[in-house]
Structures are given as C-alpha cells and as structure tokens.
Peer 1: 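Please read through the structure below; I'll follow up with questions.
None of the values given here were measured: they were computed from a predicted structure.
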Amino acid sequence: MHKENELFNQVNFSRQDLSEAVFKHCQFYRCDFSRANLRDAVFENCKLIESGALEGCDFAYCDLRDASFKDCQLALANFKGANCFGIEFRDSDLKGANFIQASFVNQVSHQMYFCAAFITGCNLSYTNFERQCLEKCELFENKWYGANLRGASLKGADLCRSVFSEDSWGQFSVQGADLSHSELDGLDPRKVDLTGVKICDWQQAQLLEPLGVIVLPG
C-alpha cells in the first residue's frame, strides 16, 4: 500500500495487515490502528491528530517493529502495549503520547536482551515512558519536558543535546549514557548515579554547582 496526500477520518485500521505500507503527506484523524500489523511501515510528513483534538490516533498493541515516522504530528497518540522494537521517530511531535506497557526490547533469554529505538529531534514533552527500557538507544536532541520517566532505564543511550525537566533527574537510570551538550539543570550528582556518563568540559560547572563548587575557566 502506498498513499500520498490522502485524508483518513475516523477510519478503522484495527487488526489489518499494513506491513511495509507507505504514507506520505497524509492526514489521520481519530483513526484506530489498534492491534494492526505496521511492521516496516513508513509515515512521512503525516498529521495524525486534528487541530484542537483531545486525543490522537490509537496504536495500542500494534506490531510497530522497524516502523518509521519522520516529520510527523503524533501528539496524544496511544502506543500502549505496542511492540516498538527498532521503531524510528525523527523530527516528530509526540507531545503527550502514551507508551505505557510498550516494548522496545528483544528478549533473547530470561537474562539476555537488547533494545532498539531511534528517537531523535522529537518533542517528547509530557509523554509517558514509565518503566520503559531504552538502553543503548539513539535518543539525541529530544525535548523531555514533563515526561514521565519513572523507573525507566536509559543506560548507555545517546542523550546528547537533550533537554529534561529539572525534577526528572533521579526518576530514571542514566549510567553510561552520553549527556554531552545536554542541559543538566537540577541534576544533583549526590543523588543520581552518573557512573560512565559522558559530558563536555563546559557542563562541569553546571553539574558541580549543586555541590557549591565553583569551576573557573582554564
């Protein structure tokens, strides 16, 4: 399936096989994709919420493995329980999207797993990533204002040039992550395990300020 410049209003795509489908410059208003197969599907420059709407499209329990969303408006979308392993979100508005119980993990065995997601240049304000595992994923240049990251693990992830709410530090694990060029306001190294975290020289002052340490230019 290949669709361009089409409007889908309250269309029910639930449980349909839309794998490898391509949608460009399309509009989806209050559409139901729940439990659909969207593996390897591509959405480019698509609008998936109507202006002023209180809810976006429903992707609950979808197969979204290796699906791609680029330059899309996905505010208030529901991704509850979706299989998001290998998913790609680039330069998209995901404000208020819900990823509760979604999975970005391939569980090889009881103790062995790996994650895959490419979420970059996105507005993730007020999204729900509670208890999500996004370890070693590409998550750079995102805005996480007001996001729910309680119990999430972003260990080893590329978080450079990201912005977080000051009160979000400590909600999630960041050991081994790349925080270079990110705003570190509110991050207290006494309360957050920063083992293996990468930062730039200029970020030292911001990081040490809560400790009362004044960093002078070299």
Peer 1: Output, in order, the C-alpha distance, side-chain angles, deciding distance and verdict of side chain to side chain contact (heavy atoms under 4.5 Å, CB included) for L18 and M1.
Peer 2: CA-CA 7 Å; L18 299 172; M1 180 186 291; 3.8 Å; yes
Peer 1: Could you tell me if D93 and Q73 have a donor-acceptor pair between their side chains, going purely by distance under 3.5 Å?
Peer 2: no
Peer 1: Could you go through E138 and R90, starting from their C-alpha distance and side-chain angles, then the distance that decides it, and tell me whether this counts as salt bridge (charged side-chain N to carboxylate O under 4.0 Å, His left out)?
Peer 2: CA-CA 11 Å; E138 284 189 19; R90 307 280 192 188; 3.5 Å; yes
Peer 1: Measure the shortest side-chain to side-chain distance between L64 and F85 over non-hydrogen atoms and say whether it is less than 4.5 angstrom.
Peer 2: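 Answer no - side chains too far apart.
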Peer 1: What verdict does the side chain to side chain contact (heavy atoms under 4.5 Å, CB included) test give for H181 and C200, after you've listed the backbone C-alpha separation in whole Å, the side-chain angles of each residue and the deciding distance to 0.1 Å?
Peer 2: CA-CA 6 Å; H181 302 286; C200 301; 3.4 Å; yes
Peer 1: Going by an N to O cut-off under 4.0 Å, is there a salt bridge joining R30 and E50?
Peer 2: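 Yes, this pair counts.
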Peer 1: For L134 and A157, which heavy atoms make the closest approach, and how far apart are they?
Peer 2: O-CB, 3.9 Å
Peer 1: What I'd like to find out is whether the side chain of N123 reaches to under 4.5 Å of the side chain of L94, using heavy atoms alone.
Peer 2: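 N123 vs L94: side chains apart.
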Peer 1: Are E183 and K143 close enough for a salt bridge, meaning some N to O gap below 4.0 Å?
Peer 2: no
Peer 1: Please check if the side chain of S109 supplies one atom and the backbone of M112 the other of a donor-acceptor pair under 3.5 Å.
Peer 2: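 The answer is yes, because a donor-acceptor pair under 3.5 Å joins these two groups.
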Peer 1: Distance-only, no hydrogens or angles: does the S92 side chain make a donor-acceptor pair with backbone N or O of C72 under 3.5 Å?
Peer 2: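 Between the backbone of C72 and the side chain of S92 there is a qualifying donor-acceptor contact (under 3.5 Å).
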Peer 1: Counting C-beta onward and ignoring hydrogens, is there a side-chain heavy-atom pair between N142 and I119 closer than 4.5 Å?
Peer 2: yes
Peer 1: Determine yes or no for a side-chain-to-main-chain donor-acceptor pair under 3.5 angstrom, with N148 supplying the side chain and R150 the backbone.
Peer 2: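 Yes, the answer is positive, given that a donor and an acceptor are paired below the 3.5 Å cut-off.
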Peer 1: Indicate yes or no for a side-chain donor-acceptor contact from Q203 to the backbone of S182 under 3.5 Å, with no hydrogens or angles considered.
Peer 2: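 Present.
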Peer 1: Measure the CG-CD distance between D188 and E166 for me, rounded to the nearest 0.5 Å.
Peer 2: 12.0 Å
Peer 1: Could you tell me the separation between the CG atom of D158 and the NZ atom of K136, rounded to the nearest 0.5 Å?
Peer 2: 13.5 Å
Peer 1: For Q204, does the CD atom sit with more than 12 other heavy atoms under 6.0 Å from it, leaving out its own atoms?
Peer 2: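 Enclosed: over 12 neighbouring heavy atoms sit under 6.0 Å from CD of Q204.
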Peer 1: Between C31 and Q10, what is the shortest heavy-atom contact and its length?
Peer 2: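 Taking every non-hydrogen atom into account, SG-N, 4.0 Å.
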Peer 1: I need the E130 CD to N98 CG distance, nearest 0.5 Å.
Peer 2: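 So the gap between those two atoms works out to 10.0 Å.
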Peer 1: If the plane angle is over 60° it's perpendicular, under 30° parallel, otherwise tilted; pick one for F79 and F89.
Peer 2: perpendicular
Peer 1: Is the count of non-hydrogen atoms from other residues, nucleotides or ligands lying under 6.0 Å from L7 atom CG greater than 12?
Peer 2: yes
Peer 1: If only side-chain N and O atoms count, and only distance matters, is there a donor-acceptor pair under 3.5 Å linking N78 with D58?
Peer 2: yes
Peer 1: Can you classify the ring geometry of F129 versus F99 as parallel (below 30°), tilted (30 to 60°) or perpendicular (above 60°)?
Peer 2: parallel
Peer 1: Hydrophobic clusters here meaning ILVMFWY residues chained together by side-chain heavy-atom distances under 4.5 Å, can you tell me if F13 and L76 are in one?
Peer 2: no
Peer 1: To the nearest 0.5 angstrom, please state how far the CG atom of N106 sits from the OH atom of Y113.
Peer 2: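 Reported to 0.5 Å precision, the distance equals 12.5 Å.
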Peer 1: Is a donor on one side and an acceptor on the other found under 3.5 Å between the side chain of S165 and the backbone of G146?
Peer 2: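 Judged by distance alone, yes, a pair lies under 3.5 Å.
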Peer 1: For the residue pair N37 / Q16, report whether a side-chain donor-acceptor contact shorter than 3.5 Å exists.
Peer 2: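 No, because no side-chain N or O of Q16 sits under 3.5 Å from a partner of the opposite role on N37.
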Peer 1: Please check this pair: side chain of D167 against backbone of W169, looking for a donor-acceptor N/O pair closer than 3.5 Å.
Peer 2: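 Not a single qualifying donor-acceptor pair exists.
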Peer 1: Same cluster or not: L139 versus L124, using hydrophobic residues (I, L, V, M, F, W, Y) connected whenever any side-chain heavy atoms lie under 4.5 Å apart?
Peer 2: yes
Peer 1: Shared ILVMFWY cluster between I100 and Y126, side chains joined below 4.5 angstrom?
Peer 2: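 They do not share one cluster, since no chain of ILVMFWY contacts under 4.5 Å joins I100 to Y126.
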Peer 1: Which heavy atom of H25 sits nearest to which heavy atom of C46, and what is that distance?
Peer 2: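 Distance-wise, the nearest heavy atoms are N-SG, 4.0 Å.
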Peer 1: Compute whether any side-chain donor of one residue and acceptor of the other, for E135 and S153, lie under 3.5 angstrom apart.
Peer 2: yes
Peer 1: Do the rings of F59 and F33 sit parallel, tilted or perpendicular, given the 30° and 60° boundaries?
Peer 2: parallel
Peer 1: If you draw the axis of the six-membered ring of Y61, does the NZ or CZ of R35 fall within 45° of it and under 6.0 Å from the ring centre?
Peer 2: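 Relative to the ring axis of Y61, which defines the angle, R35 lies inside both limits.
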Peer 1: Taking the six-membered ring for Trp and the single ring otherwise, decide whether the centroids of F172 and F164 are under 6.0 Å apart.
Peer 2: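 When the ring centroids of F172 and F164 are compared, they turn out to be within the sub-6.0 Å range.
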Peer 1: Out of F28, F43, F23, F118, which one pairs with F69 under the ring pair (Phe, Tyr, Trp, His ring centres under 6.0 Å) rule?
Peer 2: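 So, applying the ring pair (Phe, Tyr, Trp, His ring centres under 6.0 Å) to F69 and each of F28, F43, F23, F118, only F43 qualifies.
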Peer 1: So do K3 and V22 actually touch side chain to side chain, heavy atoms under 4.5 Å?
Peer 2: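 V22 does not reach K3 side chain to side chain.
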Peer 1: What's the spacing between L159 CG and D178 CG if we round to 0.5 Å?
Peer 2: 7.5 Å
Peer 1: Do the non-hydrogen side-chain atoms of P189 and L207 ever get within less than 4.5 Å of each other?
Peer 2: yes
Peer 1: Between S34 and S14, do the side chains contain an N or O donor and an N or O acceptor separated by less than 3.5 Å?
Peer 2: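 Yes.
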Peer 1: Using side-chain heavy atoms (C-beta onward) and a distance below 4.5 Å, is F140 in contact with R161?
Peer 2: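 F140 does not reach R161 side chain to side chain.
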Peer 1: Would you say the side chain of Q206 lies within less than 4.5 Å of the side chain of D185, judging by non-hydrogen atoms?
Peer 2: yes
Peer 1: Which distance, rounded to the nearest 0.5 Å, do you find between the OG of S19 and the CG of D63?
Peer 2: 8.5 Å
Peer 1: Minimum heavy-atom separation for C62 to L38, with atom names?
Peer 2: SG-CD1, 4.0 Å
Peer 1: Following the transitive rule for hydrophobic clusters with a side-chain heavy-atom cut-off under 4.5 Å over Ile, Leu, Val, Met, Phe, Trp and Tyr, establish whether L184 and L194 coincide in one cluster.
Peer 2: yes
Peer 1: Heavy atoms, side chains only, cut-off 4.5 Å: are W144 and V163 in contact?
Peer 2: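 Result no, sub-4.5 Å side-chain heavy-atom pair not found.
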Peer 1: Quick one: closest heavy-atom pair of C115 and C137, and the distance?
Peer 2: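 So the two residues come closest at CB-SG, 3.7 Å.
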